[in-house]
Number of protein chains: 2
Amino acid sequence: MHRNPDPRGTCAHEETHGHPIDGDAVESRARSYALSKGVPFTPMRQSVLALLAASGKPMSAYEIAEKVSDTRKLKAVQVYRALEFLQEAGCVHRLASRSAYFACDHLHGEGETVVFMVCAQCGAVQEAASELVARGLRGAAKTTGFRPRHPMIEVEGECAECAGTPER
Amino acid sequence: MHRNPDPRGTCAHEETHGHPIDGDAVESRARSYALSKGVPFTPMRQSVLALLAASGKPMSAYEIAEKVSDTRKLKAVQVYRALEFLQEAGCVHRLASRSAYFACDHLHGEGETVVFMVCAQCGAVQEAASELVARGLRGAAKTTGFRPRHPMIEVEGECAECAGTPER
DNA sequence: TCCTGGGTGTAATGTTGTAACAGCACGATA
DNA sequence: TATCGTGCTGTTACAACATTACACCCAGGA
Ligand SMILES: [Zn+2]
Ligand SMILES: [Zn+2]
Ligand SMILES: [Zn+2]
Ligand SMILES: [Zn+2]
């Protein structure tokens, strides 16, 4: 059930990915997290995650509320509640530069420094963990005694696909 | 006129800074930019910039609208217009993680990769340019053919002052 | 003088995110 | 079984952030 329509996209940790996400894999991660927390993986959460995984691109909460329209009509607040859980579970990230949310099938380590690369043309997001960036941040912080906690790195640019297709 | 109440804070390029900004210096940079663009450096723009420089901390557009209350009462849209100019002029940055704006007295080079370090306790922002981070980003992008344009790096944490004062 | 480009003032609206509260489902407990 | 607590749901209302539209003004140039 709820199999990804285009099931390429099984990519390993520390890699980057393009559009679609393996919906089953990410859902099973969410289920594990729910289990570990003793809370249910509800249909609400499942629908939102499935939509994000299938889309493979960032969507605003209101956009999600519209598109999850399988019968019921969701209010934004319900979407935000689902997103809160999914972000805790590590299945969904928020893009601050766009106030949008997208599914992630990576397994991020605890202190890992992740870079979000957002295509200005097509909106697709690629992730990459960079130890070099992490060291650079630590270095920048050290010069002023700043104690870094949560880095947020978002790079706007063009993905390989869109850069290769100047006029689309 | 409009001299900074605490005029320490003349810091060179590539350094980091704490709270207050040299209002005169940053204003003269804004004036130069306006001149080069053939547009006026209006009192509106001057007031917003002066407020941000004096405060030295990020403020939301609505907060700015309230506090610029020297006689006239500003609407948010007017503040946004001033902020748009000031950001183009390179005198003000936007903090996406907080939807807030702050004055900057650095002279950022064209391709410079700047890190914003935001104190979770006191809200102060320090900036640092890091070539190491820039290299890390280029490396992360190269593995997927992504062409980076505008990096946005915001690190939440604790500034030296607040870290040294656990209970305040 | 007329035209034009940019800034200003104002109203309206759009977008994003939370607070508050009343129900319901379900498992634990007595 | 009855009761209780915990967490999800549905709904309303609202707060916070940001933009669009339009009329007006004003300075500089044809
Ligand atoms: Zn991720
Ligand atoms: Zn693209
Ligand atoms: Zn700066
Ligand atoms: Zn601090």
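Numbers restart at 1 for each chain; the letters A, B, ... are given by sequence-line order, proteins then strands. Keep in mind that what you see is a predicted model, and the values were worked out from it rather than measured.
No side-chain donor-acceptor contact under 3.5 Å links A:K37 to the backbone of A:A89.
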Would you give a per-nucleotide map of nucleotides 15-30 of chain D, 5' to 3', where B means the base has a protein non-hydrogen atom under 4.0 Å away, S means only the sugar-phosphate does, and - means neither?
-> --BBBBB---------
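Applying the side chain to side chain donor-acceptor pair (under 3.5 Å) criterion to B:R138, with sequence neighbours excluded, gives B:E131. Shown here are the side-chain contact (heavy atoms from CB on, under 4.5 Å) partners of A:S28, two or more places apart in sequence or in another chain: there are none. Among residues two or more places apart in sequence or in another chain, the side-chain contact (heavy atoms from CB on, under 4.5 Å) test is passed with A:S99 by A:R94. Every side-chain contact (heavy atoms from CB on, under 4.5 Å) that A:V77 has, sequence neighbours left out, goes to A:K75, A:R81.
To the nearest angstrom, P of C:dT16 lies 12 Å from CE of A:M59. One atom, CZ of B:F85, and another, P of C:dG7, lie 8 Å apart when rounded to the nearest Å.
Residue pairs satisfying the ring pair (Phe, Tyr, Trp, His ring centres under 6.0 Å) criterion with at least one member in residues 113-143 of chain A, sequence neighbours excluded, are listed as follows: A:H93-A:F116, A:F102-A:F116. Identified under the salt bridge (Lys or Arg N to Asp or Glu O under 4.0 Å) test for residues 141-157 of chain B, with sequence neighbours left out: A:E158-B:R149. Listed by first and then second residue, the ring pair (Phe, Tyr, Trp, His ring centres under 6.0 Å) pairs that reach into residues 30-67 of chain A are A:Y33-A:F85, sequence neighbours excluded.
Of the residues in residues 32-44 of chain A, none lies under 4.0 Å from DNA chain C by heavy-atom distance.
A sub-4.0 Å separation between OP1 or OP2 of D:dT9 and a side-chain N or O of A:Q78 is absent.
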